[in-house]
Colleague: 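I have a structure I would like to understand better, so I am pasting it below and will then ask my questions one at a time.
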Protein chains: 2
Amino acid sequence: MEGAKGPQGRRLPAARDAAEPADLPDEAPLAGGLRVRLKDVAVHAGVSRATVSLVLRKSPLVKAETRAKVEEAMAGLGYVYNRSAANLRSGASRTVGLVLCEIITPNFAQFTAGIDEVLGTEGYMAFIGNAAEDATRQREVLLRMQEHGVDGLVVVASENTRADALEEGACARMPCVLAQRRVEGFPADYVGPDYGAGMELITEHLISLGHRNIAFIGGVRRIAPLTERMAGFHRALRRHKLKSGPVVPCAVIDRSSGYAAAREFLARELLAKGDIPSAIVCYNDVVAFGVMLALDEHGLVPGRDVAVVGCDDVDEAGLHRPALTTFTTDPRVVGREAARLLLRRIAHPERPREEIIVPPRLVIRQSCGAGKAADTPAVRRPPAHRPTGGAR
Amino acid sequence: MEGAKGPQGRRLPAARDAAEPADLPDEAPLAGGLRVRLKDVAVHAGVSRATVSLVLRKSPLVKAETRAKVEEAMAGLGYVYNRSAANLRSGASRTVGLVLCEIITPNFAQFTAGIDEVLGTEGYMAFIGNAAEDATRQREVLLRMQEHGVDGLVVVASENTRADALEEGACARMPCVLAQRRVEGFPADYVGPDYGAGMELITEHLISLGHRNIAFIGGVRRIAPLTERMAGFHRALRRHKLKSGPVVPCAVIDRSSGYAAAREFLARELLAKGDIPSAIVCYNDVVAFGVMLALDEHGLVPGRDVAVVGCDDVDEAGLHRPALTTFTTDPRVVGREAARLLLRRIAHPERPREEIIVPPRLVIRQSCGAGKAADTPAVRRPPAHRPTGGAR
DNA sequence: ACGAAAATTTAGATCGATCTAAATGCTGCG
DNA sequence: CGCAGCATTTAGATCGATCTAAATTTTCGT
């Protein structure tokens, strides 16, 4: 076990390392086809690898003259930094994971754009992982991100995510910002819209229009945003000493569930007593579209016979007829803030927990029947008829 | 330079490496707080690092018994694979870059979901980068992805992207699949919808409904999809020996641009001769929404007075009143196919160039005035009144 | 039971950066 | 002139995996 231990595993290193500093064949980037390494830059610039490394990291230690020489060499050789290698030694990958409960909603596109925008300016890059509202996939995604050595996470938790799932998924062991949806019992930083205040605002608006019997459609699921919304809804009612109208659950949060829930509810109410609410607050815009469809089917015109409001101000909201009254949850802003907060957290892991709540803005359109009610058809040619939703 | 060369840079390695195989303090994962390495697993399982590495990569070389022992050790210690380290040596990061010209369109959310879906099952992870239709940002994003050592790229090129920009951006030096938008002169794999066939199909449909004067709104930009669309539009017209109606450009591809373009066009036509087209083919659905708004303002009802069709079948299309006749470009399918093709290309860099064209499907709704035309109001209570667009 | 072939395991170099501690160069001061 | 003190630069170990070639063990035919 001692004698024959010659150098092993050489893969023509001679050919690679023989490149003398001065007489490179030509100035062609990537001479030979292999990737240019820091070492090559060092040789070419006539300095040590350590110095090149310092230049790369913009250290103030290197002399201006030397720095220039090195930068010239980098440009000349077409050097591309290898972050995997750097990461291995330094531990910082300048990479974050973006775990989304569901990618295919207009909200998340905006949200992701906001995140990317901020990360880009800081030289970070995001991994994207879609959990598709599935706990198992979420676990897998979290694990893979860990394997890739992300510096931190932005998590929009899937429904029914419990604190221990996140803890197990390494969210507790690295910088992690929850966005859009809180997870009870998991004390991470949080950025999200103020669903409660929005619901309060929009319910107030309905009350100010004279509505007294206000229903709530959508809900059931165990996600924090529902709790917050219901709380805001009730807050507004309480302030005006009103009792809540019927609260109707909804299997999933999408248009057809909203439709189904509303249809069943209306059929029941109409057949039984004929005492239907004069206004309906919906879990969000998408549910509201379904609800309006159901009203329509029962011959009720949203905005005239029954006021309908949503939450989110998705692009379709202004496009729908009647245009939907709702409040914005500024997903792009939420994304930006989440990214900024995560970067702060990465820089200072021990700073106190932070929470950023983005205030809602009411967007009054036709579906609530504001301005006029009974006379206008509400569906054709609405009063404020400007092009909206373009550049947003 | 010879004498004093003692071991340097030791950061308490003794404390870390002293862990004997047998007597670990306890079975707690992450004993000590440091990350568990492959080496720790090897020690714990009583085998060499090389063997553990083989187990990790599911090599058939290791005996089943040994494999079991190692896997047990991994589970016991809570080992997490470090891909950065692996990448450094092996060159494969199991990471791909997803470069999007613009994130905030419903299409790209679906597209991204399709990509993520396929990559996930293969254990890959995607970096996301939004170029926001800006060439400079696109360059930066491509560079950063290269720095992170992605194994390949899926690129939805920003407008005006020229082949040399992609070549410079390393797209030529690594597996790269273009999606949605071709880039002329850049011979990479391509996956995209068949815009030409779709336009042909939908124009044929209009012709079959009796339209003879058909306009085209949207365009100007130098992206391949426009060329393809125009070609399909003209193909259908030629087959029926019809002349093209007016072709109206559009500054940007969004709703307000479509609105502005149509408004100006209609004003001009109405004032001048009063000879407006009976049908309008729009660049895409979003432009069509703007166009319908403009028609509406001029007192023209889309689907009754003028037929309007779009392209993409975005979620809003079915929601709009009148519901938009369009054709689907299946972004999710395109995403899936792009990811699959990229993985194939990564596995076999030398295989011949491939191109996957996803066929369009016509979606006939109300805006083309199909079925009936003049009598039904087309806006209220359309015939096929089912909830759509929910689960999609 | 022996040696060849097959199966399995392993030592140690290696990937390309960063890190530490030390070496070197350069001032200016007594 | 010698040396403290500062500014710069550098050698070589190191991060945690994979890779190659060789070592070792097992299987098997005769």
Side-chain angles (χ1 to χ4, degrees), chain A residues 1-13 16-17 34-43 45-67 69-70 74 79-94 147-149, chain B residues 1-13 16-17 34-43 45-67 69-70 74 79-94 147-149:
Chain A
M1 248 243 215
E2 277 273 286
K5 254 197 214 164
Q8 298 168 330
R10 25 82 225 165
R11 192 203 332 211
L12 54 123
R16 200 116 146 67
D17 291 343
L34 281 159
R35 194 163 163 171
V36 176
R37 300 150 305 166
L38 176 142
K39 188 192 197 178
D40 303 316
V41 174
V43 169
V47 299
S48 72
R49 280 156 38 235
T51 301
V52 176
S53 179
L54 289 173
V55 170
L56 276 172
R57 283 171 297 141
K58 312 205 185 305
S59 160
L61 289 178
V62 287
K63 221 200 304 189
E65 200 179 321
T66 314
R67 177 189 308 282
K69 207 166 54 180
V70 171
M74 295 199 304
Y79 172 69
V80 175
Y81 188 58
N82 181 333
R83 271 180 207 279
S84 290
N87 181 23
L88 179 55
R89 185 69 233 257
S90 74
S93 63
R94 293 193 85 81
E147 291 185 355
H148 282 289
Chain B
M1 247 237 214
E2 277 274 286
K5 255 196 215 163
Q8 298 168 330
R10 26 81 226 167
R11 192 201 332 211
L12 56 122
R16 201 116 145 66
D17 292 342
L34 283 159
R35 195 164 162 171
V36 176
R37 300 150 303 164
L38 176 143
K39 187 192 199 179
D40 303 316
V41 175
V43 170
V47 298
S48 72
R49 280 157 38 235
T51 302
V52 177
S53 179
L54 290 173
V55 170
L56 276 172
R57 285 171 293 141
K58 312 206 185 306
S59 160
L61 289 179
V62 287
K63 220 199 309 188
E65 201 180 319
T66 312
R67 176 188 310 283
K69 209 167 51 179
V70 171
M74 294 199 306
Y79 172 68
V80 176
Y81 188 57
N82 181 335
R83 271 180 208 278
S84 289
N87 180 24
L88 180 55
R89 185 69 234 256
S90 73
S93 63
R94 294 193 85 83
E147 291 185 355
H148 281 289

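Here is how names work: the chains are called A, B, and so on, in the same order as the sequence lines, proteins then strands, and each is numbered from 1. Below, all heavy atoms of this structure are taken into account, side chains as well, without hydrogens, waters or symmetry copies.
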Colleague: Select one nucleotide: of C:dT18, D:dT9, C:dT9, the one nearest the side-chain heavy atoms of A:S90.
Modeller: C:dT18
Colleague: On DNA chain D, nearest-nucleotide positions of B:A50 versus B:L88: which is more 5'?
Modeller: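 Counting from the 5' end, the first nearest nucleotide belongs to B:L88.
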Colleague: In whole Å, what is the span from the CZ atom of B:R57 to the P atom of D:dT20?
Modeller: 10 Å
Colleague: Donor-acceptor pair, distance only, cut-off 3.5 Å: does the side chain of B:R67 make one with the backbone of B:S59?
Modeller: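 Pair found, side chain donor or acceptor close to backbone of B:S59.
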Colleague: Does a side-chain N or O of A:S48 approach OP1 or OP2 of D:dT10 to a distance below 4.0 Å, or not?
Modeller: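 Yes.
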Colleague: With distance as the sole test, does A:T66 use its side chain to make a donor-acceptor pair with the main-chain N or O of A:V62 at under 3.5 Å?
Modeller: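 No; judged by distance alone, with no hydrogens or angles, the pair does not exist.
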Colleague: Between A:R57 and A:S53 (side chain of the first, backbone of the second, donor and acceptor by atom type, cut-off under 3.5 Å), is there such a pair?
Modeller: yes
Colleague: Just checking B:T66: base, sugar-phosphate only, or nothing, at a heavy-atom cut-off of under 4.0 Å?
Modeller: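 The answer is sugar-phosphate, as B:T66 gets under 4.0 Å only of primed atoms, P, OP1 or OP2.
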Colleague: Pick from A:D40, A:V36, A:V70: which one makes a side-chain contact (heavy atoms from CB on, under 4.5 Å) with A:Y79?
Modeller: A:V36
Colleague: Looking at B:N87, is its backbone amide N or carbonyl O close enough to the side chain of B:S93 to form a donor-acceptor pair, meaning the two atoms are under 3.5 Å apart?
Modeller: no
Colleague: Determine to 10° how strongly the helix from C:dA1-D:dT30 to C:dG30-D:dC1 is bent, judged from the axes of its five-pair ends.
Modeller: 50°
Colleague: On DNA chain C, does the nearest nucleotide to B:V47 precede the nearest nucleotide to A:A86 from the 5' side, or the other way round? Give the residue.
Modeller: B:V47
Colleague: Please give, in whole Å, the distance from D:dT18 P to B:L54 CG?
Modeller: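 The distance from CG of B:L54 to P of D:dT18 comes to 9 Å, rounded to the nearest Å.
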Colleague: Classify the side chain of A:R49 versus the base of C:dT18 as yes if they form a donor-acceptor pair under 3.5 Å and no if they do not.
Modeller: yes
Colleague: Between D:dT14 atom C1' and B:N82 atom CG, what is the distance in whole Å?
Modeller: 14 Å
Colleague: At what distance, to the nearest 0.5 angstrom, does CZ of A:R35 lie from CG of A:N82?
Modeller: 5.0 Å
Colleague: To the nearest angstrom, how far is B:Y81 atom OH from D:dG16 atom C1'?
Modeller: 10 Å
Colleague: From CD of A:E65 over to P of D:dT9, roughly how many Å is that when rounded to an integer?
Modeller: 9 Å
Colleague: Tell me the interatomic distance from A:L38, atom CG, to C:dC19, atom P, rounded to whole angstroms.
Modeller: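 Taking CG of A:L38 and P of C:dC19, I get 13 Å after rounding.
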Colleague: Could you give the distance from OG (B:S90) to CZ (B:R83), rounded to the nearest 0.5 Å?
Modeller: 9.5 Å
Colleague: Nearest to the A:R89 side chain among D:dT9, D:dA13, D:dT18, which nucleotide is it?
Modeller: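 The answer is D:dA13.
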Colleague: Atom NZ of B:K63 to atom C1' of C:dA6: distance rounded to whole Å?
Modeller: 14 Å
Colleague: Let me know the distance between CD of B:E147 and P of C:dT18, rounded to the nearest Å.
Modeller: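 Those two atoms, CD and P, are 11 Å apart.
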